[in-house]
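This report concerns only the one structure given below.
We count residues from 1, following the sequence as given. Atoms within a ligand are numbered from 1 in the order they appear, just like the ligands themselves.
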Amino acid sequence: MDFEYWYFVFVPVLFFAGWFCRGLDQRQRDDTTNLPEAYSHGLSLLLNGETDKAIDTFVEVVRIDPDLVDLHHVLGNLFRERGEFERAIRLHRHLYNRADLSKEERTRALKELAQDYIRAGFFDRAEAAFRRLSEMPSEHLYALRSLLEIYVTEHEWAAAIETARLLETQAGESHSAEIAHFYCERIDLALKRKNLEEATLLVGKALEREDATPRVGITAARVALAAGNGKEAVAHWERVAERFPEYLPIFVGPLADAMTAQGDEAGAVTLLRDACEKTRSIDAMEAALSRVRKLGDAGSAEAQKIVTGMLHARPSLLAFNALVQLKHEEDPSDEQTKMLASLLEKHARRLSRYQCRKCGFLASRFNWHCLGCGSWDSFPPRRIEDGKKA
Ligand SMILES: [Zn+2]
């Protein structure tokens with residue numbers, strides 16, 4: 001009799017469970033049937049620029065079918081583009097850790113994860129991800145190029161040199177100018193720390209690539225000067241002036257100073273005058289004016305000659321400003337000249353900037369590396385107004 005009681009209780013329970021499971025299965029099947037519809041709905045939202053709604057739709061689709069790896073990637077990239085780096089990282093890391101995915105899919109996830117880390121500013125984690133990628137033959141060169149970008153952003157110049165060298169030997173790419181700049185960056189740091197021994201050692205390495213950029217010779221001259229070897233500094237600068245004459249205006253001042261220090265004042269004045277005549281550059285003119293003005297009456301006459309020559313050869317607001325400033329210095333009591341000098345100085349300062357020829361980034365000082373686009377040697381050694389007249 002006991003058995004029959006159980007029978008009456010057990011059968012309805014089994015029936016209910018079966019009904020429930022059927023319903024669940026049906027609901028899942030309905031969801032799966034709706035997948036393509038939801039997917040295309042998400043895409044159309046995305047195309048209409050309704051990113052928020054598109055993400056909600058895709059999240060729902062991915063929840064129903066976790067095997068839609070492509071959609072996971074679309075979603076991860078959308079998170080990244082919207083600055084939701086934590087969600088992007090979580091999603092891509094989940095994909096990378098899924099043992100059921102193919103090696104290719106996991107590699108793809110790791111590449112995306114590395115990009116997430118870069119965008120989020122986690123450079124150490126990005127570096128670790130790219131190092132893992134560099135161990136895969138198919139991704140090796142891609143990873144090296146990405147690592148190089150990270151090292152430059154992080155100012156890890158020694159690692160940047162090593163990576164660029166690997167790219168030269170393994171990919172046949174030329175990174176000569178970049179490597180030369182990386183050495184110069186290291187030299188600048190050594191000079192800041194007053195470590196002349198290290199700076200001199202690095203100059204030797206940089207000089208192997210001195211044809212790649214004028215910066216090498218200019219930096220070598222600075223190191224020689226810091227070491228008290230003015231003659232060697234002059235020799236470096238003169239070699240740069242020969243190979244890259246357009247860069248003379250940015251170092252003609254210190255070169256003239258070094259020549260003067262060695263007793264060749266007449267040679268220094270001739271150099272400054274020639275630099276102005278040959279380059280017609282505002283930088284050369286300013287370097288010349290600041291030095292010849294110290295030479296007494298003869299210097300004042302020379303300064304007038306230099307400015308007048310500039311105005312005739314290449315009339316510019318900057319040259320006119322220099323002339324007015326000279327007049328003001330001659331007669332500081334003249335109120336009209338004083339007003340004109342003050343007004344012109346303000347406008348001249350606005351034009352007195354350098355511009356990256358690749359991205360248009362403006363800088364008040366001459367730079368070897370553009371902060372806007374990351375290019376090297378992209379600033380012409382001329383100020384904006386100078387360049388327009390060139
Ligand atoms: Zn730029």
Side-chain angles (χ1 to χ4, degrees), residues 80-81 83 114-115 117-123 126-127 130 141-161 163-165 167-168 171 173-189 191-192 206 209-219 222 240 243-252 279-284 286-287 316-318 347-390:
R80 188 168 67 217
E81 290 312 311
Q115 291 299 332
Y117 285 143
I118 286 189
R119 291 285 300 277
F122 300 143
F123 292 110
E127 184 187 339
F130 283 121
L141 293 178
Y142 160 76
L144 283 186
R145 290 184 194 109
S146 306
L147 281 168
L148 181 57
E149 280 179 30
I150 291 176
Y151 295 140
V152 171
T153 308
E154 292 284 272
H155 292 191
E156 290 181 32
W157 305 117
I161 290 170
T163 312
R165 278 187 193 279
L167 279 168
E168 282 193 330
E173 296 171 2
S174 169
H175 289 274
S176 208
E178 283 167 275
I179 291 172
H181 280 292
F182 300 158
Y183 274 119
C184 290
E185 292 287 343
R186 290 187 68 188
I187 295 166
D188 284 350
L189 289 173
L191 281 178
K192 250 186 218 165
R209 297 175 189 256
E210 70 174 325
D211 287 338
T213 164
R215 188 182 180 185
V216 171
I218 294 171
T219 307
R222 283 174 50 227
V240 178
R243 291 179 187 187
F244 306 94
E246 71 276 21
Y247 282 83
L248 177 63
I250 63 168
F251 62 84
V252 68
T279 66
R280 294 299 178 201
S281 140
I282 294 295
D283 280 317
E286 287 187 350
S316 71
L317 188 66
L318 291 170
H347 286 286
R349 217 175 295 141
R350 198 167 43 82
L351 293 169
S352 180
R353 288 190 289 180
Y354 301 87
Q355 188 165 36
C356 171
R357 66 164 79 86
K358 287 197 178 162
C359 74
F361 187 87
L362 291 167
S364 55
R365 279 189 331 126
F366 174 79
N367 285 299
W368 295 106
H369 191 210
C370 177
L371 288 176
C373 65
S375 304
W376 296 94
D377 288 317
S378 60
F379 282 92
R382 284 187 169 277
R383 302 197 201 172
I384 303 174
E385 203 193 32
D386 242 3
K388 279 180 193 162
K389 308 284 176 186

Does Phe182 reach the side chain of Thr163, with side-chain heavy atoms less than 4.5 Å apart?
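Answer no - side chains too far apart.
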
Identify which protein N/O/S atoms are less than 2.8 Å from the Zn ion (ligand 1).
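N, O, S partners closer than 2.8 Å: Cys356 SG, Cys359 SG, Cys370 SG, Cys373 SG.
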
For Tyr247 and Trp368, I'd like to know if the aromatic rings sit close, meaning centre-to-centre distance below 6.0 Å.
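Close enough - the centres of the two rings lie under 6.0 Å apart.
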
Is there a donor in the side chain of Ser352 and an acceptor in the side chain of Arg383, or the other way round, less than 3.5 Å apart?
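Judged by distance alone, the side chains do pair up.
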
Quick one: pull up NE2 in His155 and CH2 in Trp157 and give me the separation to the nearest 0.5 Å.
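Here the interatomic distance stands at 4.5 Å.
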
If the threshold is 4.0 Å, N to carboxylate O, is there a salt bridge linking Arg222 and Asp188?
yes

Result for side-chain contact (heavy atoms from CB on, under 4.5 Å) between Trp376 and one of Thr213, Asn367, Val152 points to Val152

